[in-house]
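Please read these numbers as outputs of a predicted model, since none were measured by experiment.
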Amino acid sequence: MALHDAGMLRHEPASQGPPEGAVMIDAVTSPAGVLTAPFPEGEPASGLIQGLLADGEIKIRTGERGLLTDTDGTCINAEGARNESLAALGRPTEDPTLGHDTLNRRLHPEYQRWSQRILAQLNTPSQKAAY
């Protein structure tokens with residue numbers, strides 16, 4: 001999005017050829033959510049998601065395909081508590097969070113809230129950071 005906003009990236013229909021000298025990026029949008037169908041019938045789309053579900057690190061509600069998150073993108077675990085070490089934003093959270101396909105970042109403040117949470121953690125003196 002930053003490249004697009006800076007005018008360095010343009011989206012053009014496939015029927016139009018790119019201008020001479022342009023670099024073409026063939027982009028694919030991943031499906032919504034992280035399951036092949038709504039929970040509990042849906043299968044995890046990857047081994048990573050399968051492991052996180054099995055370990056209770058993430059929660060997917062019945063009838064949904066996406067990860068349940070708090071308002072700052074922090075994942076909710078199987079017990080319903082915040083998993084402070086794991087965050088998800090965008091399409092993996094689709095169903096509990098609607099409308100990521102709009103590409104309208106003003107509709108989804110969790111991106112900004114996530115970055116504010118990370119900055120707050122980094123600015124807390126008790127946090128250790130590796131250099």
Side-chain angles (χ1 to χ4, degrees):
M1 291 302 294
L3 291 174
H4 183 270
D5 291 347
M8 298 172 67
L9 179 67
R10 284 191 338 211
H11 177 268
E12 304 219 0
S15 61
Q16 288 182 252
E20 190 172 321
V23 175
M24 190 160 164
I25 301 170
D26 189 9
V28 176
T29 302
S30 62
V34 294
L35 300 179
T36 58
F39 186 80
E41 292 82 20
E43 295 292 323
S46 71
L48 172 65
I49 298 302
Q50 184 176 16
L52 291 170
L53 273 171
D55 292 343
E57 298 290 332
I58 56 176
K59 181 175 184 159
I60 302 172
R61 295 184 293 201
T62 299
E64 296 181 338
R65 300 163 294 168
L67 302 174
L68 184 60
T69 59
D70 207 344
T71 59
D72 63 359
T74 301
C75 288
I76 303 300
N77 67 22
E79 287 81 38
R82 288 171 55 93
N83 181 342
E84 296 294 340
S85 63
L86 191 60
L89 300 166
R91 291 191 62 97
T93 69
E94 190 74 34
D95 278 347
T97 304
L98 298 175
H100 287 289
D101 287 341
T102 65
L103 298 179
N104 184 340
R105 288 174 278 167
R106 287 177 274 170
L107 294 177
H108 298 286
E110 61 269 17
Y111 298 93
Q112 184 68 28
R113 291 175 182 160
W114 172 80
S115 62
Q116 290 169 343
R117 179 174 74 88
I118 297 302
L119 284 172
Q121 287 176 345
L122 291 173
N123 289 326
T124 302
S126 64
Q127 297 290 325
K128 295 183 180 184
Y131 294 98

Least distance between heavy atoms, [X] atom then [Y] atom:
X   : Y   : result
T93 : P96 : O-CD, 3.0 Å
A87 : C75 : C-SG, 3.9 Å
I60 : G66 : CG2-O, 3.6 Å
D72 : T74 : OD1-OG1, 2.8 Å
L89 : P92 : O-CD, 3.4 Å
E94 : A32 : CG-CB, 3.5 Å

Discussion item. Taking salt bridge (Lys or Arg N to Asp or Glu O under 4.0 Å) as the definition, give me every residue that meets it alongside E64, ordered by chain and number, with sequence neighbours left out.
Written reply: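 Salt bridge (Lys or Arg N to Asp or Glu O under 4.0 Å) check on E64 returns R61.
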Item to complete: Check side-chain hydrogen bond (donor to acceptor under 3.5 Å, both in side chains) between D95 and all other residues, then give those that pass, not counting sequence neighbours.
Response: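 Here the qualifying residues are R65.
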Discussion item. Holding to side-chain hydrogen bond (donor to acceptor under 3.5 Å, both in side chains), I want the full list of residues that pass it with D70, two or more places apart in sequence or in another chain.
Written reply: R82
Worksheet item: How would you list, by chain and number, every residue that makes a side chain to side chain contact (heavy atoms under 4.5 Å, CB included) with T62, sequence neighbours excluded?
Response: F39, P40
Practice prompt. Please write out which residues are connected to I76 in a hydrophobic cluster, directly or through intermediates, given that two of Ile, Leu, Val, Met, Phe, Trp, Tyr count as joined at side-chain heavy-atom separations below 4.5 angstrom.
Written response: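 L68, which link up through side-chain heavy atoms under 4.5 Å apart, make up the rest of the cluster.
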Worksheet item: In Å and rounded to the nearest 0.5 Å, what is the CG to CD distance from N77 to E84?
Response: 10.0 Å
Discussion item. Distance check, rounded to the nearest 0.5 Å: R117 atom CZ versus Q112 atom CD?
Written reply: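 Going from CZ on R117 over to CD on Q112, the span is 13.5 Å.
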Which side-chain N or O atoms in residues 43-56 pair as donor and acceptor under 3.5 Å with protein atoms at least two apart or in another chain?
from	atom 1	to	atom 2	distance (Å)
S46	OG	L48	N	3.4
S46	OG	I49	N	3.2

